[in-house]
Peer 1: 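Quick one: structure below, then a few questions.
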Amino acid sequence: MAGTVKTQVCIVGSGPSGLLLSQMLANAGIDSVLLDRQDRSYIEGRIRAGVLEQGTVAALEEAGAADRLHREGLPHDGFELAFDGDRHRIDIKALTGKSVMVYGQTEVTKDLFNKREAAGQVFYFNVDNVKPTDLKSSTPSVHFTHEGEQQVIECDYIAGCDGFHGASRQAIPKDVLQTFERVYPFGWLGIMVDKPPVSHELIYANHERGFALASMRSETRSRYYVQCDVNDDLASWSDDRFWEELAIRLGPDAAANLETGASFEKSIAPLRSFVAEPMRYGNMFLAGDAAHIVPPTGAKGLNLAVADVRLLSRALIAHYRNANDHYIDTYSETVLKRVWKVERFSWQLSTMMHQFPENTGFEKRMQRASFDDIQSSETASRAIAENYVGLPLE
Ligand code: RFL
Ligand code: PHB
């Protein structure tokens, strides 16, 4: 199907941001077209986030895509911080009245795809050479190639939901776009294993050999991470080496319950903090990883993407329903205020919980003092808990 197609909103990127946006717009009677560089099975297979804030769950409920999440997700009322084997539980329920839900990004994406496909959403997969154009005009368009043919989507608005390596952010002129970045001098080696989790709650551990995280996807499937060199060869990380390292870093108390086995996924992810400003240029909006990246330490990436989409769908719905452009005009400013707070939290927790090669004894003692402060102060624990369960939308 080559040629020109018209729609109200052209959504570039069919990850969680793009899918949720299309669902929220469809619920309000607004048409969209979704395009992605990959295909559905590739997108569904990407193992990434695992912890959903209450606001994210609420957004999925509102979208009508939360039935399976409520059946299969694991509500968590707390998590642990560990420092050289000392453990401190952050009781997020007691401190904030809220909880979080453990449910994989793979499952969120599957649920949203199922809903969009059942509703007849127009998708273009495996597209190439994506180019958003005429962003300042009232008739912007997105050009791309699909199955060897040149294709154009003409629309009122473009939503750039195409992740960190996408084309949307690149379409903003260099003299307008400002970017802010910190690349961390290490990565996370993650594995998935079909064994019960070492603990029923997550454990974030700082050990002199490096960070470790014990997480899960279900009562029978665990997700574990250890800090590693970002250039490490995966082949040098046998399962045996991984289990040995994880046990040391979690400490003997936690490790006593560790059930090991053959991993079925193993990968290394870099850690980065990144923000692009502004998040609107003419009639194109950025949402999710297209505009910002957080290191995974606070479990914020997917949640931040969903918060963006909630604010973007509100803006577009107010425009189409009530001819009210207030939320369109304030989108970038409103979203960025929240983004920077979440960036701060993710950076702070990452800084406290990892071994940095350049750290001297001074920084190491600062890390320990931060942990001791959280352990002895309910106020300090509550500050962590409030960020972990998710800040208000605005
Ligand atoms: P995504 O998921 O990257 O989706 C973007 C989509 O855009 C497509 N695309 C293009 N399409 C058309 N044209 C182009 N030129 C395109 N370029 C790219 C891509 O194929 C893709 O389908 O962004 P989105 O939707 O904003 O969602 C963001 C989340 O995926 C992300 O924030 C989280 O996964 C981050 N993240 C984590 N977040 C958490 O909340 N908790 C976690 O535990 C967590 N762990 C992780 C993570 C991200 C990881 N990455 C990026 C490797 C672990 C890892 C390993
Ligand atoms: C995960 O389960 O993949 C996970 C959980 C919490 C994080 C990061 C990743 O902070």
Side-chain angles (χ1 to χ4, degrees), residues 10-22 34-40 42-53 56 74 76 79 100 102-106 108-109 112-113 123-132 142-146 158-171 187-192 197 201-204 211 213-218 221-225 265-272 274 286-309 312 342 345-346 349-350 353 388 390:
C10 179
I11 304 176
V12 186
S14 185
S17 306
L19 287 167
L20 180 62
L21 180 63
S22 72
L34 267 168
L35 45 116
D36 203 286
R37 203 161 56 175
Q38 305 290 347
D39 64 14
R40 176 175 171 170
Y42 181 94
I43 298 165
E44 286 180 347
R46 280 194 295 233
I47 296 173
R48 290 181 170 181
V51 180
L52 308 183
E53 296 171 358
T56 300
L74 303 175
H76 278 206
F79 66 93
V100 294
V102 169
Y103 190 69
Q105 178 167 331
T106 48
V108 171
T109 330
L112 286 166
F113 263 124
F123 285 101
Y124 292 85
F125 290 116
N126 297 312
V127 303
D128 249 319
N129 307 315
V130 174
K131 201 168 165 26
V142 179
H143 298 244
F144 56 97
T145 45
H146 181 246
I158 298 170
C161 299
D162 46 353
F164 183 62
H165 300 287
S168 304
R169 188 178 70 250
Q170 313 296 341
W188 277 20
L189 170 65
I191 67 154
M192 196 78 95
E201 291 182 341
L202 272 65
I203 305 173
Y204 293 82
F211 171 82
L213 169 60
S215 182
M216 68 196 73
R217 289 294 176 275
S218 71
R221 179 168 289 184
S222 302
R223 176 76 165 153
Y224 294 112
Y225 298 93
E265 200 269 346
K266 196 182 276 172
S267 55
I268 294 176
L271 270 74
R272 178 193 306 273
F274 173 88
L286 301 179
D289 280 16
H292 41 69
I293 297 289
V294 286
T297 322
K300 291 293 150 208
L302 173 61
N303 291 299
L304 200 49
V306 168
D308 291 0
V309 166
L312 181 52
V342 178
F345 173 67
S346 304
L349 201 58
S350 300
M353 297 307 291
Y388 199 80

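Read the numbers this way: they start at 1 and go in the same order the structure lists the ligands and their atoms.
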Peer 1: Give the residue, atom name and distance (to 0.1 Å) of the protein heavy atom nearest atom 40 (O) of ligand 1.
Peer 2: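 Scanning the protein heavy atoms, the shortest distance from atom 40 (O) of ligand 1 goes to Leu302 N, 2.8 Å.
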Peer 1: Are any of the N/O atoms on Gly301, whether in the backbone or the side chain, positioned under 3.5 angstrom from an N/O atom of ligand 1?
Peer 2: yes
Peer 1: For atom 21 (C) of ligand 1, which candidate among Arg46, Arg37, Gln38 provides the closest heavy atom?
Peer 2: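 Minimum heavy-atom distance to atom 21 (C) of ligand 1 goes to Arg46.
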Peer 1: Relative to the heavy atoms of Thr297, which atoms of ligand 2 are at a distance of less than 4.0 Å?
Peer 2: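 Result: 10 (O).
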Peer 1: Which bit of Trp188 gets closer than 4.0 Å to ligand 2, counting heavy atoms only: side chain, backbone, both or neither?
Peer 2: side chain
Peer 1: With rounding to the nearest 0.5 Å, note down the distance linking CG in Asp308 to SG in Cys161.
Peer 2: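 Here the rounded value is 8.5 Å.
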Peer 1: Should you measure from each heavy atom of Arg48, which atoms of ligand 2 turn up under 4.0 Å away?
Peer 2: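 This gives 3 (O) as the contact atoms.
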Peer 1: Mind checking the CD1-CG spacing from Ile11 to Leu312? Nearest 0.5 Å is all I need.
Peer 2: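 Here the interatomic distance stands at 8.5 Å.
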Peer 1: Using a 3.5 Å cut-off on N or O atoms only, is Tyr225 in polar contact with ligand 2?
Peer 2: yes
Peer 1: Just which atoms of ligand 2 are under 4.0 Å from any heavy atom in Pro296?
Peer 2: 7 (C), 8 (C), 10 (O)
Peer 1: Answer side chain, backbone, both or neither: which part of Arg217 comes under 4.0 Å from ligand 2, heavy atoms only.
Peer 2: side chain
Peer 1: Does an N or O anywhere in Leu213 fall below 3.5 Å from an N or O of ligand 2?
Peer 2: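 No.
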Peer 1: Geometry only, no angles: is Ala290 polar-contacting ligand 1 at N/O separations under 3.5 Å?
Peer 2: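 Min N/O separation from ligand 1 is not below 3.5 Å for Ala290.
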Peer 1: Which residue holds the protein heavy atom closest to atom 55 (C) of ligand 1, what is that atom called, and what is the gap in Å?
Peer 2: Ala269 CB, 3.5 Å
Peer 1: May I ask you to list the atoms of ligand 2 that are less than 4.0 angstrom from any heavy atom of Val51?
Peer 2: 5 (C), 6 (C)
Peer 1: Quick test: of every protein heavy atom, which one is nearest to atom 34 (O) of ligand 1, and how far off is it to 0.1 Å?
Peer 2: Gln105 OE1, 2.7 Å
Peer 1: Distance check, rounded to the nearest 0.5 Å: Thr106 atom OG1 versus Arg217 atom CZ?
Peer 2: 6.5 Å
Peer 1: As a check for students: among His165, Lys300, Arg40, Arg48, identify the option with a heavy atom nearest to atom 47 (C) of ligand 1.
Peer 2: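 Shortest heavy-atom distance from atom 47 (C) of ligand 1: Arg48.
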Peer 1: Check whether any side-chain heavy atom of Arg40 lies under 4.5 Å from a side-chain heavy atom of Phe123, and answer yes or no.
Peer 2: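 Of all side-chain heavy-atom pairs linking Phe123 with Arg40, none is under 4.5 Å.
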Peer 1: Looking at ligand 1, does Val51 have a heavy atom less than 4.0 Å from it?
Peer 2: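 Contact check Val51 vs ligand 1: negative.
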Peer 1: Return the minimal non-hydrogen interatomic distance between Ser17 and Ala287, and the atom names on each side.
Peer 2: OG-O, 4.2 Å
Peer 1: Centres of the Phe125 and Tyr42 rings: under 6.0 Å?
Peer 2: no
Peer 1: Once rounded to the nearest 0.5 Å, what's the spacing between atom CZ of Arg223 and atom OG of Ser218?
Peer 2: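 Reported value, rounded in 0.5 Å steps: 13.0 Å.
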Peer 1: If you take all heavy atoms of Pro132 and Ser168, which pair is closest and at what distance?
Peer 2: CG-CA, 4.2 Å
Peer 1: Mark up the atoms of ligand 1 that fall under 4.0 Å of a heavy atom belonging to Gly288, in ascending order.
Peer 2: 26 (O)
Peer 1: Among all protein non-hydrogen atoms, which one is nearest to atom 5 (C) of ligand 2, and what is the separation to 0.1 Å?
Peer 2: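 I find the closest protein heavy atom is Ser215 OG, 3.5 Å.
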Peer 1: Taking C-beta and beyond as the side chain, do Val51 and Phe79 meet within less than 4.5 Å on heavy atoms?
Peer 2: no
Peer 1: Using 30° and 60° as the class boundaries, would you call the ring planes of Tyr388 and Phe345 parallel, tilted or perpendicular?
Peer 2: perpendicular
Peer 1: What distance do Ile43 atom CD1 and Thr109 atom OG1 have between them, rounded to the nearest 0.5 Å?
Peer 2: 8.5 Å
Peer 1: How far is atom 27 (O) of ligand 1 from its nearest protein heavy atom, and which residue and atom is that?
Peer 2: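 I find the closest protein heavy atom is Pro16 CG, 3.5 Å.
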Peer 1: Minimum heavy-atom separation for Val100 to Glu53, with atom names?
Peer 2: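 So the minimum-distance heavy-atom pair works out to CG1-CA, 4.4 Å.
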Peer 1: Which of the atoms of ligand 1 are close to Ala167, meaning less than 4.0 Å from one of its heavy atoms?
Peer 2: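 Counting atoms of ligand 1 from 1, those under 4.0 Å from Ala167 are 15 (N).
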Peer 1: Which ligand 2 atoms does Leu202 reach within 4.0 Å, using its non-hydrogen atoms?
Peer 2: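 Going through ligand 2 atom by atom, the ones under 4.0 Å from Leu202 are 5 (C), 6 (C).
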Peer 1: Record the part of Val102 in heavy-atom contact with ligand 2 below 4.0 Å; permitted values are side chain, backbone, both and neither.
Peer 2: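 Val102 to ligand 2: no contact under 4.0 Å from either part.
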Peer 1: Looking only at protein heavy atoms, identify the closest one to atom 6 (C) of ligand 2 and say how far it is in Å.
Peer 2: Tyr204 OH, 3.3 Å
Peer 1: Measuring from atom 16 (C) of ligand 1, which candidate in Thr109, Ile47, Asp162 has the nearest non-hydrogen atom?
Peer 2: Asp162
Peer 1: Tell me the closest heavy-atom pair linking Ser350 and Pro295, and the distance in Å.
Peer 2: OG-CG, 3.3 Å
Peer 1: Is ligand 2 under 4.0 Å from a heavy atom in the side chain of Ala299, in the backbone, in both, or in neither?
Peer 2: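 It is both parts that get close, each with some atom under 4.0 Å.
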Peer 1: Looking only at protein heavy atoms, identify the closest one to atom 4 (O) of ligand 1 and say how far it is in Å.
Peer 2: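 Its nearest protein heavy-atom neighbour is Gly15 CA, 3.6 Å.
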Peer 1: How far is atom 24 (P) of ligand 1 from its nearest protein heavy atom, and which residue and atom name does that atom have?
Peer 2: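 Result: Ser17 OG, 3.2 Å.
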Peer 1: Considering non-hydrogen atoms of the protein only, which is the closest contact for atom 20 (O) of ligand 1, and what is the distance?
Peer 2: Asp36 OD1, 2.7 Å
Peer 1: Considering Ala49, Gly190, Cys161, Ser215 one by one, which has a heavy atom nearer to atom 39 (C) of ligand 1 than any of the others?
Peer 2: Ala49
Peer 1: Any donor and acceptor pair, going by atom type alone, linking the side chain of Arg221 with main-chain N or O of Met192 inside 3.5 Å?
Peer 2: no
Peer 1: On a heavy-atom basis, which atom in Asp162 and which in Ala290 lie closest, and how many Å separate them?
Peer 2: OD1-CB, 3.7 Å
Peer 1: Counting only heavy atoms, which portion of Asp289 has something under 4.0 Å from ligand 1: side chain, backbone, both, or neither?
Peer 2: both
Peer 1: Where is the tightest heavy-atom contact between Leu34 and Gly13, given as atom of each residue plus distance?
Peer 2: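 Heavy atoms only, the tightest pair is CD2-O, 3.4 Å.
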Peer 1: Tell me the contacting part of Val130 for ligand 1: side chain, backbone, both, or neither, using a 4.0 Å heavy-atom threshold, strictly below.
Peer 2: side chain
Peer 1: Inspect the surroundings of NZ in Lys266 and state if more than 12 heavy atoms from other residues, nucleotides or ligands are less than 6.0 Å away.
Peer 2: yes
